[in-house]
Amino acid sequence: MSTVLETPAKAVGPAREPHPWAAVAALARFEARELRLYLSFVGVALLYVGWIVWQCTSRTGDYPVLQDVDRATQSMPMLVGLSVMLCVNRAVRRSHRNDTERHFGVLVVEPWRRTVAHALSVVPAALFVAVCVTVQFTWEALKPGAVGHGSPAELAVGPLTVLLFGALGVLLGRLVPSAVAAPVLLVFLLLTQVLGGSASGGTGWTAWLSPVVTETGARPFPSDLLGRPAAWHALYLLGLALFVTVLAVLVGGGRTKTVQVVLAGALALTLVGAVAQSGGTPAATVAARERASLAPEKVQSCLEHGTSVYCAFPEWKGRTADWATVVDRVRSLAGGAAWGERLTVRQRVDARSGLADNPALEPSTVPGQVTVGTAWGGNRVTEFAVAVASVLVAGDEKAGSAVCDARMVTIMWLALGAESDPMTLFRHVRLDDSVTGSAIVLAPAEPLSMTDEQTRIVRELLRKPRYGVTAKVKAHWSQLISPKTSTARVAELLGVPAKAGATDPEPDGDPCEG
């Protein structure tokens with residue numbers, strides 16, 4: 001007798017519905033990994049990281065102004081964005097290039113969903129740039145000499161630029177599946193954005209249609225004088241990146257009601273940002289620039305260090321101690337009453353012409369007042385020392401900038417004599433980076449002039465032991481600051497052999513000649 005065991009059949013339910021969005025996410029992750037393997041992207045990413053390290057470790061950047069640092073993070077991400085644009089465009093065209101487009105018809109991921117996946121694959125690259133921007137800004141902000149305030153909207157420009165360029169690559173791949181289209185667009189963007197003027201100094205409303213508008217001049221400005229529509233520009237870039245992305249989805253076949261609504265919303269967002277950022281400089285900012293340029297004492301606070309007063313814009317109050325160190329160093333070499341003279345060091349800017357302009361500051365006619373700029377470190381320190389020395393010798397900046405006689409020797413000795421490497425600084429403070437012949441000497445306001453013979457005497461003084469020259473300067477101070485003392489007499493007083501045949505110009509001649 002046999003027993004037949006029957007296993008009841010399991011009830012078969014309805015087939016599980018495919019999840020196309022899960023497939024989209026998987027494809028986006030795959031394309032993002034592929035993007036990281038492109039040599040062009042890896043090379044540009046390494047170049048970007050190396051540039052950040054070089055910028056942040058440079059000695060000239062020991063005194064960063066954070067409202068300039070945030071804008072300095074915007075240009076290099078454009079190169080990353082261009083690389084992403086090429087790589088994503090190549091990925092979008094892969095099915096056309098390999099003739100596999102017809103095989104995708106059996107999958108649950110329609111062409112427009114694949115377009116969404118390609119657009120999402122750009123997000124990790126934008127996050128990478130966001131991390132780099134954060135590291136760069138934080139690195140600079142943690143330096144002891146950092147001043148000012150950064151703007152989150154300015155910092156967002158770099159990552160948003162990468163998103164925008166990546167979206168352009170996707171759209172171009174859907175519109176023109178050709179290997180030539182992306183390189184042509186790349187060359188155009190290189191010429192107009194990276195190498196063109198819009199990325200470095202445009203101020204009109206059309207310039208703000210570009211991804212990056214740095215408006216960087218030679219002098220940093222207080223943050224309340226910038227007047228940049230940074231938040232509106234970030235909104236404009238976000239809306240434009242979203243609009244280009246959704247437009248690519250629409251071209252790829254995603255003509256659903258949701259896609260059309262999102263496209264209209266992205267267009268509205270772009271237009272709101274574009275219109276709002278084109279309003280020009282606010283009237284309040286124009287008035288603040290005028291006040292800070294013509295009457296800085298109304299917006300500055302003053303601190304005393306020793307016997308001198310230091311007046312700075314609010315963000316620079318912590319730097320007055322550095323200025324005082326230079327003043328004390330210069331004054332320690334002076335003689336007579338100059339070593340204890342009460343000076344007023346006042347920070348000055350001229351912001352009336354905008355951020356990208358760099359007008360020369362007029363020398364002050366106030367006795368004992370010395371101009372200091374908003375930039376510091378490197379040559380700016382030596383230029384400030386020259387300004388301090390010229391006021392100690394001539395009485396005020398206007399008279400000091402006009403000195404072309406033998407007093408220039410005294411001014412340069414006071415500015416450089418106490419430095420550890422005076423010859424290098426002597427070279428750098430001269431416009432032509434020379435230590436021979438006549439030259440222009442840089443200062444925060446108007447520059448000064450040196451003749452060939454004055455240069456020779458200063459060069460010889462800087463090679464002598466400091467204590468010996470200092471004693472002679474203090475002993476003969478009244479003669480060394482007199483406009484009647486000849487260059488030959490100054491050389492004699494300071495123990496420098498006179499040059500054979502050297503003579504001073506006639507009293508009614510131009511002492512700066514010869």
Side-chain angles (χ1 to χ4, degrees), residues 62-63 144-145 147 219-220 222 292-349 361-403 407-408 410-420 422 425 429 441-446 448 466 470 473-474 477-478 480-481:
D62 287 345
Y63 299 89
V147 297
R219 298 188 183 99
S293 301
L294 300 180
E297 64 276 1
K298 294 182 179 181
V299 294
Q300 291 178 344
S301 56
C302 299
L303 299 174
E304 287 197 14
H305 292 278
T307 60
S308 296
V309 178
Y310 300 84
C311 301
F313 294 106
E315 293 169 312
W316 277 266
K317 286 176 60 178
R319 194 165 287 174
T320 56
D322 296 322
W323 304 339
T325 300
V326 176
V327 171
D328 292 342
R329 184 167 62 238
V330 173
R331 208 160 40 182
S332 67
L333 302 180
W339 69 270
E341 183 176 346
R342 184 177 178 83
L343 300 176
T344 299
V345 175
R346 185 171 298 282
Q347 195 172 40
R348 295 171 60 201
V349 296
L361 295 174
E362 290 291 330
S364 172
T365 58
V366 178
Q369 179 170 303
V370 184
T371 295
V372 63
T374 50
W376 192 250
N379 293 351
R380 306 293 87 77
V381 179
T382 312
E383 293 170 13
F384 174 61
V386 170
V388 175
S390 67
V391 171
L392 290 177
V393 170
D396 62 73
E397 281 189 336
K398 183 67 175 179
S401 64
V403 168
R407 288 177 293 174
M408 270 302 299
T410 308
I411 291 174
M412 296 308 296
W413 164 253
L414 295 180
L416 303 171
E419 297 288 351
S420 58
L425 298 179
V429 81
V441 177
L442 301 175
E446 285 191 359
L448 291 74
R466 181 189 309 168
T470 302
V473 168
K474 291 180 180 292
W477 179 255
S478 59
L480 294 176
I481 64 173

Practice prompt. Would you name the heavy atoms of Ile411 and Ala389 that are closest together and state the gap between them?
Written response: O-CB, 3.3 Å
Discussion item. Would you compute the distance between atom CD of Glu341 and atom CZ of Arg331 and round it to the nearest 0.5 angstrom?
Written reply: 8.0 Å
Discussion item. So does Thr374 get a backbone contact from the side chain of Trp316, meaning a donor-acceptor N/O pair under 3.5 Å?
Written reply: yes
Response to the item:
For Ala443 and Leu448, the nearest pair of non-hydrogen atoms, with its separation, is CB-CD1, 4.0 Å
Practice prompt. Could you walk me through whether Thr410 and Leu392 pass the side chain to side chain contact (heavy atoms under 4.5 Å, CB included) test, one step at a time?
Written response: CA-CA 10 Å; Thr410 308; Leu392 290 177; over 6 Å; no
Discussion item. Tell me if the NZ atom of Lys317 is crowded by more than 12 foreign heavy atoms within 6.0 Å.
Written reply: no
Response to the item:
To the nearest 0.5 Å, atom CG of Leu333 lies from atom CG of Asp328 at 11.5 Å
Worksheet item: Relative to the ring of Phe384, is the ring of Trp376 parallel (under 30°), tilted (30 to 60°) or perpendicular (over 60°)?
Response: perpendicular
Response to the item:
Closest non-hydrogen contact found for Phe313 with Pro296 is CZ-CB, 4.3 Å
Worksheet item: Name the one of Gln347, Arg219, Glu383, Glu397 that satisfies side-chain contact (heavy atoms from CB on, under 4.5 Å) with Pro444?
Response: Glu383
Worksheet item: Between CZ of Arg346 and SG of Cys302, what distance do you get to the nearest 0.5 Å?
Response: 5.0 Å
Fill in: Minimum heavy-atom distance between Ala394 and Val403, given as atom pair plus value
CB-CG2, 4.2 Å
Worksheet item: Hey, are the side chains of Val391 and Gln369 touching, using non-hydrogen atoms and a 4.5 Å cut-off?
Response: no
Fill in: Gap separating the CE atom of Met412 from the CG atom of Leu425, nearest 0.5 angstrom
9.5 Å
Response to the item:
Closest heavy-atom pair, Glu315 versus Pro222, reported as atoms and distance to 0.1 Å, is OE1-CA, 3.4 Å
Response to the item:
Closest non-hydrogen atoms of Ala324 and His305, given as atom of the first, atom of the second and distance, are CB-CB, 3.6 Å
Worksheet item: What distance do Tyr310 atom OH and Asp322 atom CG have between them, rounded to the nearest 0.5 Å?
Response: 11.0 Å
Worksheet item: Are any non-hydrogen side-chain atoms of Val366 and Thr344 less than 4.5 angstrom apart?
Response: no
Worksheet item: Is Arg348 salt-bridged to Glu362, going by a charged N under 4.0 Å from an acidic O?
Response: no
Worksheet item: Looking at NZ of Lys474 and CG of Leu480, how far apart are the two atoms once the value is rounded to the nearest 0.5 Å?
Response: 12.0 Å
Discussion item. Is there a side-chain contact between Thr382 and Leu416 in this structure, where contact means two heavy atoms from C-beta onward sitting under 4.5 Å apart?
Written reply: yes
Discussion item. With side chain to side chain contact (heavy atoms under 4.5 Å, CB included) as the criterion, how do Leu442 and Asn379 come out once you've worked through the C-alpha distance, each side chain's angles and the decisive distance to 0.1 Å?
Written reply: CA-CA 9 Å; Leu442 301 175; Asn379 293 351; 5.9 Å; no
Worksheet item: Any donor and acceptor pair, going by atom type alone, linking the side chain of Arg466 with main-chain N or O of Glu419 inside 3.5 Å?
Response: yes
